[in-house]
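First the structure, in the form of structure tokens, and then the observations on it.
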Amino acid sequence: QVQLVESGGELVQIGSSLRISCAASGGTLSGSAMAWFRQAPGKERDFVAAIDRNNAGRVYGDSVKGRFSISRDNGKNTVYLQMDSLKPEDTAIYYCAAGRRVITSNLRNHRAYDFWGQGTQVTVSS
């Protein structure tokens with residue numbers, strides 16, 4: 001059973017950069033598609049970014065495209081989300097997800113993922 005633990009979330013100022021991490025235990029992330037989703041208070045969970053299991057393709061949500069970047073280090077069993085030019089509307093709990101059977105066309109679908117972390121809070125203050 002893969003366990004995912006997010007870290008790095010904090011309170012930052014508008015326009016700042018922040019990198020959050022997702023570390024896996026109990027299994028390898030190699031061969032899994034990985035994704036970040038976020039959920040703000042009173043809103044639905046939104047897709048942020050994903051990287052396919054071959055480490056070849058990346059997709060991003062429209063609101064973060066050009067500002068956020070997802071990457072993975074299979075040797076460290078860790079996935080990262082680099083967030084630049086942060087805005088107050090980026091404030092949310094950020095969740096990491098892993099899935100072994102996620103096809104490329106389904107990377108944005110939260111139902112395609114098997115394992116989830118508990119989330120890390122990112123707050124952007126104006």
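Owing to the predicted nature of the structure, the values given are computational and were not obtained by experimental measurement.
Checking side-chain atoms of R58 against main-chain N and O of I70 turns up a donor-acceptor pair under 3.5 Å. Between the side chain of Q82 and the backbone N or O of R19 there is no donor-acceptor pair closer than 3.5 Å. Checking side-chain atoms of T123 against main-chain N and O of T91 turns up no donor-acceptor pair under 3.5 Å. Between the D52 side chain and the G57 main chain, a donor and an acceptor come within less than 3.5 Å of each other.
Counting all heavy atoms, side chain and backbone alike, A112 lies closest to N106 at CB-ND2, 3.6 Å. Nearest heavy-atom pair, S21 versus T78, reported as atom, atom and distance to 0.1 Å: CB-CG2, 4.2 Å. When every heavy atom of A49 is checked against every heavy atom of Y60, the shortest pair comes out as CB-CD2, 3.5 Å. Closest of all the heavy-atom pairs between M34 and C96 is CE-SG, 3.7 Å. The heavy-atom pair separating S17 from D84 by the smallest distance is OG-OD1, 2.8 Å. Residues P88 and I14 share a closest heavy-atom pair of CD-CD1, 3.6 Å.
Residues I103 and F115 do not share a hydrophobic cluster, defined by chaining ILVMFWY side chains whose heavy atoms lie under 4.5 Å apart. Cluster annotation: Y94 is not connected to Y113 through the hydrophobic network of ILVMFWY side chains, with a link wherever side-chain heavy atoms come within less than 4.5 Å. One hydrophobic cluster holds both V12 and V64 under the rule that ILVMFWY side chains link at heavy-atom gaps under 4.5 Å. The hydrophobic clustering, which links ILVMFWY residues whose side-chain heavy atoms are closer than 4.5 Å, places V102 and L29 apart. Taking hydrophobic clusters as Ile, Leu, Val, Met, Phe, Trp and Tyr residues chained together by side-chain heavy-atom distances below 4.5 Å, L81 shares a cluster with V122.
From R53, atom CZ reaches atom CZ of R101 across 10.0 Å, with rounding to the nearest 0.5 Å. Here the CD-CG distance, from Q121 to L11, works out to 9.5 Å after rounding to the nearest 0.5 Å. Interatomic distance, C22 SG to N77 CG, rounded to the nearest 0.5 Å: 9.5 Å. The CG atom of N54 sits 9.5 Å away from atom OG of S30, with the distance rounded to the nearest 0.5 Å. With rounding to the nearest 0.5 angstrom, the CZ atom of R67 is 6.5 Å from the CG atom of L86.
Counting heavy atoms from C-beta on, the side chains of T120 and S7 never come closer than 4.5 Å. Side-chain contact between T28 and N74: absent, with no pair of heavy atoms (C-beta onward) separated by less than 4.5 Å. Counting heavy atoms from C-beta on, the side chains of W36 and I51 never come closer than 4.5 Å. A 4.5 Å side-chain heavy-atom check between S63 and R38 finds at least one atom pair inside the cut-off. When side chains are defined from C-beta on, S25 does not count as touching V5, because their heavy atoms never get closer than 4.5 Å. Using a 4.5 Å cut-off on side-chain heavy atoms (C-beta onward), I20 and M83 make contact. Put simply, the side chain of D114 does not reach to within 4.5 Å of the side chain of V2, judged on heavy atoms.
In this structure, Q118 places its CD atom where only 12 or fewer heavy-atom neighbours from other residues, nucleotides or ligands lie under 6.0 Å away. In Q1, the CD atom is not crowded: 12 or fewer heavy atoms of neighbouring residues, nucleotides or ligands sit closer than 6.0 Å. Within a 6.0 Å radius of CZ in R100, more than 12 heavy atoms belonging to other residues, nucleotides or ligands are found. Atom NZ of K65 is surrounded by more than 12 heavy atoms from other residues, nucleotides or ligands within 6.0 Å.
Classification of K87 and D90 as a salt-bridged pair fails, no side-chain N sitting under 4.0 Å from a carboxylate O.
Ring pair F37/W116 is tilted by interplanar angle, where 30° to 60° counts as tilted.
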Review point. Going through the distances and angles, do Q39 and Y95 end up as a side-chain contact (heavy atoms from CB on, under 4.5 Å)?
Key: CA-CA 8 Å; Q39 188 166 19; Y95 298 92; 4.2 Å; yes

